[in-house]
Protein chains: 2
Amino acid sequence: MEARIEKIKQQLQSQGYKLTPQREATVRVLLENEEDHLSAEDVFMLVKEKAPEIGLATVYRTLELLNELHVVEKLNFGDGVARYDLRGDNNKHHHHHLICVQCGSMQEIQEDWLGPLEERLEQEFHFTVIDHRLDFQGICKHCREKEREREQQAQKDDNADV
Amino acid sequence: MEARIEKIKQQLQSQGYKLTPQREATVRVLLENEEDHLSAEDVFMLVKEKAPEIGLATVYRTLELLNELHVVEKLNFGDGVARYDLRGDNNKHHHHHLICVQCGSMQEIQEDWLGPLEERLEQEFHFTVIDHRLDFQGICKHCREKEREREQQAQKDDNADV
DNA sequence: GTTCATGCAAACAATTTGCAAAATA
DNA sequence: TATTTTGCAAATTGTTTGCATGAAC
């Protein structure tokens, strides 16, 4: 944890930025909630618990800065709010999202499935890939089971009606 | 063109909606600019040329309606505006985006590269895929060539300096 | 004549910006 | 002291909503 903060501090300083207390608090919140996809508002509320004097604009400015430095990745799942994900050490994200259209849950796949495709892009399209984004919308395991139960229940009800 | 409008008209009517003149004008703009990814504002301005009395809210409502009917797909490229893409006949979009981070251009790949991956999701993750989205960020062919020219020029300048 | 759709203006939500004050190198 | 950074409030942007009017079956 401390090591990762130190690293981010150096990334900031190498570009002439400082790791102020507010920025550090923001980074800590991101580290502590690494598995989530927090919105700026989410981050703001969590940071406020530790540093109540912080302003929302500062959080936005910090997240934008971290995004430029590729410390976080700004994601957009189409719900009108930007979400921020800490990036791994390689500054490239190799994970994909499974978004359930029924319950809204989101699962991550921590593998990169696109290596062969990126090679093909380079060769066939002369396009140099820097980053990618792969999301799937669908029905998650959990909702699919519930759906099945509901169908069975409906069937019983139908039979009872007759 | 007329055939496609007729089809959309039937899709609307089958759900109890009408193809009003405003909606038709909106659909025509989408058809005429099928290769672009228009924002609501873009559509509004183009529709206004034909039907100046139309309101922006109507355009938003129409696009939202078409999205629900899966006539268009609402896309979000992270620039803060929703964009709308006409869907193909199969109501599923099988194309991917190459977004150049240098010039902002966007190229479409009209193939589906994800079939095998979706099968794997079904089997390994028990996730039923309804739709997907695959974007690549990188440097397009054009910018890469320009970059190379610029580097060569810089090299010459360096030599001149010495 | 009831239902559906429109245009306008106001409301809204997420984000950005201006600026004076505070912190830091 | 010169430069960043902050907090606050106001401004901006994209989008949605309320409502009275108008059109369509």
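Each chain gets a letter, A, B and so on, in the order the sequences are listed, and its residues count up from 1. Keep in mind that the numbers below use all heavy atoms, side chains included, and drop hydrogens, waters and symmetry copies.
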Could you walk me through whether Arg133(A) and Asp135(A) pass salt bridge (charged side-chain N to carboxylate O under 4.0 Å, His left out), step by step? CA-CA 7 Å; Arg133(A) 167 190 182 144; Asp135(A) 301 337; 2.7 Å; yes
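Leu69(B) is not listed as a side-chain neighbour of Ile8(B), based on a closest heavy-atom distance of 4.5 Å or more.
Note: CZ (Arg83(A)) to C1' (dA14(C)) measures 12 Å, nearest angstrom. Atom CG in Leu63(A) sits about 15 Å away from atom P in dT5(D), given to the nearest Å. Residue Leu12(B) contributes atom CG, which lies 13 Å from atom C1' of dC4(C) at whole-angstrom precision. With rounding to whole Å, Glu24(A) atom CD is found 15 Å from dT24(C) atom C1'. Atom CG in Leu75(B) sits about 17 Å away from atom C1' in dT15(D), given to the nearest Å. The CG-P distance, from Leu56(A) to dG7(D), rounds to 11 Å in whole Å. Atom CD in Glu64(B) sits about 14 Å away from atom P in dT6(C), given to the nearest Å. The nearest whole Å value for the distance from the NZ atom in Lys74(B) to the P atom in dT16(D) is 5 Å.
Sorted by first then second residue, the ring-ring contact (aromatic ring centres under 6.0 Å, His included) pairs that include residues 45-66 of chain B, not counting sequence neighbours, number zero.
Residue Thr58(B) has its side chain nearest to dG7(C) when only dG7(C), dT15(C), dG7(D) are considered. With distances taken from any side-chain atom of Ala57(A) to the nucleotides dT15(D), dA5(C), dA9(D), the minimum falls on dA9(D).
The residue among Arg61(B) and Asp79(B) whose nearest nucleotide of DNA chain D lies closer to the 5′ end is Asp79(B). In this structure, Lys18(A) and Gly80(B) both approach DNA chain D, and ranking their closest nucleotides by distance from the 5' end singles out Lys18(A).
Using a 30° and 60° split on the angle between ring planes, Phe136(B) and His132(A) fall in the perpendicular class, above 60°.
With salt bridges taken as basic N to acidic carboxylate O contacts below 4.0 Å, one links Glu24(A) and Arg28(A).
Using a 4.0 Å cut-off, some side-chain N or O of Gln22(A) falls inside it from OP1 or OP2 of dG7(D). In terms of phosphate contacts, Thr20(B) brings no side-chain nitrogen or oxygen within less than 4.0 Å of OP1 or OP2 of dA5(C). Between Tyr60(B) and dT15(D), a side-chain N or O to OP1/OP2 separation shorter than 4.0 Å is present.
In this structure, Glu53(A) reaches the sugar-phosphate backbone alone: every heavy-atom distance under 4.0 Å involves primed, P, OP1 or OP2 atoms, never a base.
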